[in-house]
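Here the structure is laid out as C-alpha cells; the discussion comes afterwards.
Protein chains get the first letters and strands the later ones, always in sequence-line order, with residue 1 at the start of each. Just so you know, these numbers use all the heavy atoms, side chains as well, and skip hydrogens, waters and symmetry mates.
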Amino acid sequence: MNGVHDMGGMQCFGPVEPEPNEPVFHSDWEARVLALNRAMGYARAWNIDMSRAAIENLPPDVYLTRSYYEKWALRMERLLLDLKLVDADEIAAGRALRPGRPLPRKLDAAAVAAALTRGSYGRQPAAPARFKTGDRVRTRNINPLTHTRLPRYARDRVGTIECVRGCHVFPDLAAIGKGENPQWLYTLRFDGRELWGESCDPNLKVSIEAFEPYLGAI
Amino acid sequence: MNGVHDMGGMQCFGPVEPEPNEPVFHSDWEARVLALNRAMGYARAWNIDMSRAAIENLPPDVYLTRSYYEKWALRMERLLLDLKLVDADEIAAGRALRPGRPLPRKLDAAAVAAALTRGSYGRQPAAPARFKTGDRVRTRNINPLTHTRLPRYARDRVGTIECVRGCHVFPDLAAIGKGENPQWLYTLRFDGRELWGESCDPNLKVSIEAFEPYLGAI
Amino acid sequence: MSQEHADHHHDGDHHGDRQHHAQGSDVSAIQLRVRALESILTEKGYVDAAALDLIIEAYETRIGPHNGARAVAKAWADPAFKRALLDDATAAVGSLGFTSRVGDHLVAVENTQRIHNMVVCTLCSCYPWEVLGLPPTWYKSAPYRSRAVIDPRGVLAEFGVTLPAATEIRVWDSTAETRFMVLPLRPPGTEGWSEQKLASLVTRDCMIGTGLAKSGREMPPGEIAP
Amino acid sequence: MSQEHADHHHDGDHHGDRQHHAQGSDVSAIQLRVRALESILTEKGYVDAAALDLIIEAYETRIGPHNGARAVAKAWADPAFKRALLDDATAAVGSLGFTSRVGDHLVAVENTQRIHNMVVCTLCSCYPWEVLGLPPTWYKSAPYRSRAVIDPRGVLAEFGVTLPAATEIRVWDSTAETRFMVLPLRPPGTEGWSEQKLASLVTRDCMIGTGLAKSGREMPPGEIAP
C-alpha cells in the first residue's frame, strides 16, 4: 500500500532531533508494550510481516502523530481483534471475558533467553538465483494495495546487484497469510542520481534489500 | 518539496465520502476565511503560488487533520507574518496594534464584481515552444525543497504532448518571489501503465499540466 | 478505550481525512481565531467588511454548478455552441454572462461512448469555481486527491458509477492554472428538450466526472430546474 | 491563540513528528490502555508476566550499544576478527556471546576514507537490536526515515558531522530482515590501545553511521568505558 509509512524521499518533516542521553524507555508502559509484542511474536500469534502491515494500516494521521510504542499498542489491539485472539468486548471491559485460544507456544521465563535471539528468515531455495553480483536490474513498478517492502522511491529504477543475501521469507505474501514463499534476496545499489535526478549529490549511493519478484532485467 | 500534499497515488486514505446536499459553507467562519483570502489576493498581498506553498508548508499532521478552511486560516496567518503585514503581537492580541502597510490595491464593494473574475496567467512568450502536440517527452526527476507543480507520481515518466496551452506564469519561481518567468505550458498525457506499472488498467490515461522546465526529450 | 478503538482502528476506517469540518470546541476556537484575523485585517485597512459580505453572498447565491449546467445544456442543444465550448471554453462560457466571469484557461472535455473524463487536483484542490462554484469537501479530500489518478474506477464505484472496462478513463490532474469541466454524455430520451429542462439533468458531479447526467426518464413530467 | 500559532506555524516548525512521546493526559490514557491489554493477554493465558519482566530487564541492562562497541573495538584491534566480521557478521558477533544472540542476517559495513556508510529503515524502523539495543527515537522518526535516503549530508550536518564532498555516502535502507551495523573508522592516535579502551570511543551513532567514533584525544587519560 502506498501510505505515509513509505517515507523515503519526503522533505516535509523538519530536522532530525536527537535526544541527549535518551533512556531505553521513556515510561513503564513503553517497556510493557515492547515485552507484550515480543511475547506474542514468540507465541507465533502472528508473523513479523503481519505486524508491519498492521502498523501501516493505522490511519495516516495516527501514524504521523502517535509515539512509536503507542502505535505498537494500537497495532497489537488491531491484530488481536483481527485474529480473534481477543474480542472487542474484552478490550472494552479491560479484562478477559472468556478463555484464550490455543497458540503454538507460550513465552515463559525459561524461554526468554531463546526468545531474545532473533529468528532466521533464510529458507531453502526452490530455484537458483536469477541474478548475480554485478548484474544491472530494473525494479518493477508495483503498487499493491497490500504490504510490500519495495519503497516507492525505488520503483522502476535501475541498480546494480551488490550482494546475493540468500533465499528469504517473502514479506508481500507472508503479511497476508499466504505462506512464506521464499524468494531470493539481493542488496541492490542505486546511484543517487538514478533515484533523485541529475541535481543529486554524485557521491550518493543508496541500496535497498530487494526480493527477486521486485526485479526485472533492464 | 516532497510533502504530504503531493497525494497522487497514495492508497491509505480510505474511501471517498460525498456529503449529501452539502452546503456551500458549513459555518460562517468558513465563509469569512474564503472572503478574506479573496480580498487579500485581490490586494496583491501575495500571489497564488505563494499561497499554495504556504499551505504545503503547514506541518504534515496539521495538513492531514485540519479542515480545508482551517488550513486556509492558518496559511493566511503564516503569510501575513512572513510578509510582515501583521505582527505576532497583533495575532496574540487579536487586534491591530499599528497601522497597516501599503498594498497595491484594496477590495471595496465596487470592485467585487471584477474580483470575482479569475485572472489570467497567460504571458507573452520569450521563445517559441520547444514541443508540439504529439511529441513524446520524459518529465524530469526533480526534488526541489521549494514549491513545484510536478507531482512525484509523474516524475521521470514518458508521455505525449496533447495540447500546448500557451505561455504561463511559472509557479516554481513565482512561489518563492522570483518573478513570473513565463514558461510554455503543456497538457502531457500518460498511459496509466507508464505511471503505475504493467498491472494497471490498460484503459487509464492520466494527464498533468506540465511547464516546459519539467520536460526533457526522451 | 473501546470507543476510541472503534473510532480509530476498524478496518478501512481511515479517518485521517474524516475531520472535514472542525467540530465542537474546535469550532469555537477557529471561529474566534478567524474573527480576530478579520478584525486585525480590517483595522489595518487591508480589507473592507462590506466587500467580504458581497463575496460571500455571490458564492452562496449566484456562483454554483447551475452555471456549468447551463453551459452543458446549451452545448447539448446547440451544436454550434458545443463546438465553441470544446474549442475555447473560456470564450464560450464567457458569452453566457455569469456573475463570476470566467478568466482564461477554462477547458471543456467531452465524454463520449469511448472516453470518460474525470477531473482532480492531486496537489491542492484546483477547481473551476466560475462554472461550478466552490468545490465539495470530497473533492478537496485526501481520498479523492490520492486515488483519482491511480484507481479512478474504484473512486467512480464509490459514487455508484460503473463503466464498461473498455471505456477509457481519462483523468485530468489540474496541476496548473488550466481549469477543466466535463461535458457529460447527453442522456438518451431527451430529444427536443429545452435547454432549461436539459440543465436540470446536469449535476455538479457529472461536470467533475464522478457522475453521469441524470436520466431523462428519472424526471417527473414537467419538472424543471430552479 | 498566539501560543498555538507559535507552536504550529513557525517556519520550519514541522512538529508532525515532534510528538515522540505521549505526554500529560495522553500518558495516563495510554498507560491504562496498555495495562488493560496486559491484563487481558495474561488472563487469556497468552503471556506470562514474569517473562515480560525478564525481557524488559534484558533490554534495560544487557542489550545495548556496548555490545556493538565491543565487536567494533575487537575488529579494530584484531585483523582476523575484522575480516571475520566483514565476511559474516552473524558468526563473528555470535562468537562474542551476547545476551541477545544474533540471529541470521547481520551485516557489518566498513567505513573507509573513501566511503561513509549510514543505515536507515524508510518503511518502518528495522535496526540491529542484538548489537545496538533498542533504537533511539530519532532513528524511528519521520525526519530521519524520510531524509536519510535523499539528503544524508543534510542529516549528518544535524548530527554535527561534515564529510568531504568527495566522500561517497552509502545509505543502506533496511527493507528486509538483513540488519546492518557500521564499522566506523578507527580514530588516529589509538595505536596500541586495549579493546576495552577502544570500545569506549565507539558510540551508538557511529555504528548507525550518523556519527564518527570519538577522537582518542578526547579521552581523559585512563578513562575507559563502563
C/Gln31 and B/Ser27: side chain donor to acceptor below 3.5 Å: no
Just verifying a value: how many Å separate B/Glu90 CD and C/Ser39 OG, rounded to the nearest 0.5 Å? 12.0 Å
Proximity breakdown for B/Asp201 and chain C, heavy-atom pairs closer than 4.5 Å: side chain
Just wondering, do C/Val47 and B/Leu36 contact through their side chains at under 4.5 Å, heavy atoms? yes
Decide, yes or no, whether a salt bridge links B/Glu77 with C/Arg33 under the criterion of side-chain N to carboxylate O below 4.0 Å. yes
Salt bridge check, C/Glu177 against B/Arg165: does any charged N sit closer than 4.0 Å to a carboxylate O? no
With a 4.5 angstrom heavy-atom cut-off, could you sort out which part of C/Arg179 is near chain B: side chain, backbone, both or neither? side chain
Under 4.5 Å to a heavy atom of chain B? For C/Thr42 that would be neither
Could you measure the distance from the CZ atom of B/Phe13 to the OG atom of C/Ser141? Nearest 0.5 Å is fine. 9.5 Å
Contacting region of C/Thr210 [heavy-atom separation from chain B under 4.5 Å]: neither
Determine whether the side chains of B/Glu209 and C/Thr178 contain a donor N or O and an acceptor N or O closer than 3.5 Å. yes
Quick check for you: to the nearest 0.5 Å, what is the distance between B/Leu85 atom CG and C/Ile40 atom CD1? 12.0 Å
N/O donor to acceptor pairs below 3.5 angstrom from side-chain atoms of residues 122-129 of chain C, sequence neighbours left out:
| residue | atom | partner | partner atom | Å |
| --- | --- | --- | --- | --- |
| C/Thr122 | OG1 | C/Asp173 | OD1 | 3.4 |
| C/Thr122 | OG1 | C/Asp173 | OD2 | 2.7 |

B/Leu107, part contacting chain C, at a heavy-atom distance under 4.5 Å: both
